[in-house]
Amino acid sequence: MSTIEAKPFVFPFDGKWRPETVAIIVVDIQSDFLSETGYFARKGYDPSPLRTIIPNVAAILEAAREAGCHIVWTRQGYRADLADLTEYERWRCKRAGITFDGPDADRVLTRAANGYDIVPELTVRPSEPLVEKTANGAFYQTDLDMILRTAGIQHLIFTGCTTEVCVSSTMREAADRKYQCLLVEDACASSDKAMHDAAVEMVMVEDGIFGVVADTQAVLNGLSELARNPG
């Protein structure tokens, strides 16, 4: 019986998992968040800490694919025609100098713009679903839950950015839907270490109310064992 060493308890809690019940969730690792000219940087945040997780995410993806697990990606952004951009959101962006109107309009966080793409260091394979979202949580008004239920997925391993916003929001939504969740603390990132650390700690309140936390090496060890003993 294989498990991943995690806090406050092992994942999965009962050791009952198979590759086909596991999905790696890769949250919003897009150029708009990780590049020095993207949305995140334009809002005044330092994207460099977000880039540090790319090697860990890549290693987890390789191990998960080798084990036969699922990979599900998410991207956040507005429709290309901006039909879902509210006046409130337009106003908030304008406060950071980001505009969506006129010949010099910024195209950050907009579908079909270059910054919307997953960073070039990571590859989305044709067989791996990519969920398009407009909210912080990836379950809101998307088909993510249907994708997971249809595939028989019960165990979710979270990577991506940012820890305290989109990763945390999606993980909480998943926990409410009764998925077993694990946050990979060094394969998720924020521009602010204090916010990252706080988000990690909040996963484990009330003895793991939202899930458990592990590091990349523990996840790689668990996935390697799962590949050898798929159940």
Side-chain angles (χ1 to χ4, degrees), residues 4 6 11 22-35 38-41 43 45-65 69-77 108-109 111 115-125 128-140 142 144-145 147-148 153 155-175 179-193 195-200 202-203 210-216 218-220 223:
I4 295 173
F11 178 89
V22 181
I24 311 300
I25 308 296
V26 188
V27 179
D28 299 359
I29 302 190
Q30 301 163 243
S31 295
D32 258 330
F33 294 115
L34 275 68
S35 80
Y39 166 82
F40 204 59
K43 289 286 285 185
Y45 297 103
D46 179 9
S48 58
L50 279 60
R51 298 195 61 81
T52 65
I53 67 172
I54 292 176
N56 286 345
V57 175
I60 290 171
L61 292 176
E62 181 179 359
R65 288 163 176 157
C69 301
H70 300 270
I71 312 291
V72 180
W73 304 74
T74 76
R75 291 191 298 193
Q76 181 168 353
V108 296
L109 279 191
R111 296 178 191 178
Y116 185 67
D117 291 336
I118 301 298
V119 295
E121 294 90 340
L122 300 175
T123 301
V124 182
R125 294 186 176 179
E128 298 169 353
L130 200 163
V131 175
E132 315 285 6
K133 65 189 184 71
T134 60
N136 297 321
F139 286 90
Y140 179 70
T142 73
L144 175 57
D145 192 51
I147 290 170
L148 300 176
I153 295 167
H155 307 95
L156 305 182
I157 297 175
F158 283 87
T159 66
C161 63
T162 59
T163 319
E164 75 279 10
V165 182
C166 292
V167 175
S168 178
S169 296
T170 304
M171 188 171 185
R172 289 176 181 230
E173 289 179 326
Y179 293 99
Q180 291 185 53
C181 300
L182 181 149
L183 178 77
V184 191
E185 59 181 322
D186 56 352
C188 296
S190 167
S191 67
D192 186 303
K193 185 179 184 302
M195 289 193 290
H196 170 82
D197 291 345
V200 170
M202 283 190 285
V203 170
F210 299 119
V212 299
V213 175
D215 61 21
T216 295
V219 172
L220 295 178
L223 291 175

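- Residues Thr142 and Glu132 share a closest heavy-atom pair of CG2-O, 3.6 Å.
- When the shell of 6.0 Å around CD of Glu62 is examined, it contains 12 or fewer heavy atoms from other residues, nucleotides or ligands.
- Looking at Asp46 and Ser48, their side chains do bring a donor and an acceptor atom within 3.5 Å of each other.
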Going through the distances and angles, do Val22 and Phe11 end up as a side-chain contact (heavy atoms from CB on, under 4.5 Å)?
CA-CA 11 Å; Val22 181; Phe11 178 89; 5.6 Å; no
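- Put simply, the side chain of Gln30 gets close to the backbone of Tyr116: a donor and an acceptor are under 3.5 Å apart.
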Evaluate the criterion side-chain contact (heavy atoms from CB on, under 4.5 Å) for residue pair His196 and Asp186; output intermediate values, then yes/no.
CA-CA 10 Å; His196 170 82; Asp186 56 352; over 6 Å; no
Quick one: do Thr159 and Val27 satisfy side-chain contact (heavy atoms from CB on, under 4.5 Å)? Show the steps, please.
CA-CA 6 Å; Thr159 66; Val27 179; over 6 Å; no
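- The aromatic rings of Tyr45 and Phe40 sit parallel to each other, their planes meeting at less than 30°, with 60° as the upper class boundary.
- No donor-acceptor pair under 3.5 Å is formed between the side chain of Gln76 and the backbone N or O of Asp28.
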Could you walk me through whether Thr170 and Thr74 pass the side-chain contact (heavy atoms from CB on, under 4.5 Å) check?
CA-CA 10 Å; Thr170 304; Thr74 76; 5.8 Å; no
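- Under the 3.5 Å distance criterion, the side-chain polar atoms of Glu164 are left unmatched by any main-chain donor or acceptor of Met195.
- Applying the side-chain contact (heavy atoms from CB on, under 4.5 Å) test between Trp73 and each of Ile24, Ile25, Val124 identifies Val124 as the sole match.
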